[in-house]
Amino acid sequence: MTVLAPRLARWWARFLGQGEAQAPPTPDLAHRLARLQLAAGRRVAAPWAGAYRSAFRGTGLEFAGVREYAPGDDSRAVDWRVTARTGRLAVRLYREERDRTVLFVVDASAVMEAGSGDRTLRDLAAEAVATIGAAALASGDRVGLLVWADRRVALHAPRRRPESLLAITRALLTLPPGAGDFDAAGALGEARRVLRRRGVLVLVSPMVGVPPRGELAAAALRHDLVVVRVWDPDAGCGTSRAAAPARGTGGAGAAVRPAHPSPESLAGLPLTAISLEPASHVPLSIASAFARRAEAVRA
């Protein structure tokens, strides 16, 4: 890792060098950034990425040309003008317009510093954002980030560029230790102001305590709402397989052990819920949830 760190620092500088100067990542940060980005790239190439496009349809359809009719084509797609002009039955083709915005709202409160082994809930959140964000970019959508604790911590305007996702991932992993509790109602209210047109709103949080059902329902009516609940049942305890003690806000090796959230706290709300733990296969868990949503949309 000592040899790779300067190379990774130059790699990140190439993508993130515009704007304000940024300090080169530490060897640990460079390793975590590279691991997340390379993993996200592999997952986009995998077949599961289609689950995202099926779950969150584009804003409409645009005309893409005509072709000769083939058995099984929908008769409603027949272009009678072209058919009359050419003497051959022709059908109109359309392609999906992708102009959606995905806004990630990520909890930055003290509880996100909890974890077991060498991973925190924030690390798990960054992996979920990298995975969903990479699929969104591959589909032609924009990605943005709102980081919130008891107030706004950071905002990255939605962009349709790969370097935007790199900047978002880096921002999540370089946040200072969180403090205070997560004001979910305030975060959702700010998200609705940032995301003015209908889009995809992804809330990433342990969802500790009673969720603001009214604000969640209001957000779900305006946008496609996804709640990614990150959780570590061993937070603060460490494990026999741990490479390092859990990180936390109280100094080296310290950890915050939050109260366990209720799995039923989101029941009945019009949203897509995903639960992730350090042992979860993150892309498979996300793909499964998106596939279920796609089936519900088609039904």
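Quantities reported herein were computed from a predicted structural model and do not represent experimental measurements. Every heavy atom of this structure was used, including side-chain atoms; hydrogens, water molecules and symmetry mates were not.
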Main-chain N/O of R160 paired to S164 side chain as donor or acceptor, under 3.5 Å
no

Taking the side chain as C-beta and beyond, is there a heavy-atom pair between D150 and D181 under 4.5 Å?
no

Presence of salt bridge, E190 and R193, under 4.0 angstrom:
yes

Separation between CD (E127) and CG (L173), nearest 0.5 Å, reads 10.5 Å

Roughly how far, to the nearest 0.5 Å, is the OG1 atom of T86 from the CZ atom of R81?
14.0 Å

Shared hydrophobic cluster for L221 and L269 (ILVMFWY, side-chain gaps under 4.5 Å)
no

Would D107 and S109 satisfy side chain to side chain donor-acceptor pair (under 3.5 Å), going step by step from the backbone distance to the final call?
CA-CA 6 Å; D107 186 336; S109 63; 2.7 Å; yes

Is there a side-chain contact between I132 and F290 (heavy atoms, below 4.5 Å)?
yes

On a heavy-atom basis, which atom in V111 and which in L121 lie closest, and how many Å separate them?
O-CD1, 3.5 Å

Measure the CG-CG distance between L271 and L203 for me, rounded to the nearest 0.5 Å.
9.5 Å

Counting N and O atoms only, with roles assigned by atom type, does the side chain of S280 sit under 3.5 Å from a partner on the main chain of V282, one being a donor and the other an acceptor?
no

As an exercise, state the distance from CG of L103 to CG of L195, rounded to the nearest 0.5 Å.
5.5 Å

Quick check: does any side chain N or O of R293 sit under 3.5 Å from a backbone N or O of V226, one acting as donor and the other as acceptor?
no

Determine whether a donor-acceptor pair (N or O, by modelled atom type, separation under 3.5 Å) exists between the side chain of R122 and the backbone of L172.
yes

Any side-chain heavy atom of L146 sitting closer than 4.5 Å to one from R152?
yes

For the residue pair R100 and R198, establish whether any side-chain heavy-atom pair is separated by less than 4.5 Å.
yes

Between the CZ atom in R159 and the CG atom in D141, the distance rounded to the nearest 0.5 Å is 15.5 Å

Before you tell me yes or no, could you show the steps for M112 and V230 under side chain to side chain contact (heavy atoms under 4.5 Å, CB included), namely the whole-Å CA-CA distance, both residues' side-chain angles and the distance that decides it to 0.1 Å?
CA-CA 9 Å; M112 294 295 284; V230 290; 4.2 Å; yes

Closest heavy-atom pair, I274 versus S285, reported as atoms and distance to 0.1 Å, is CG2-O, 4.3 Å

Reported CG-to-CZ distance for the pair L188 and R192, which is rounded to 0.5 angstrom
6.5 Å

Using a 6.0 Å cut-off, check whether atom CZ of R151 has over 12 heavy atoms from anything other than its own residue.
no

Residue pair L175 / A108: nearest heavy atoms and the distance that separates them:
CD1-CB, 4.3 Å

Could you pull out the closest heavy-atom pair between A185 and P212, with the gap in Å?
N-CG, 4.0 Å

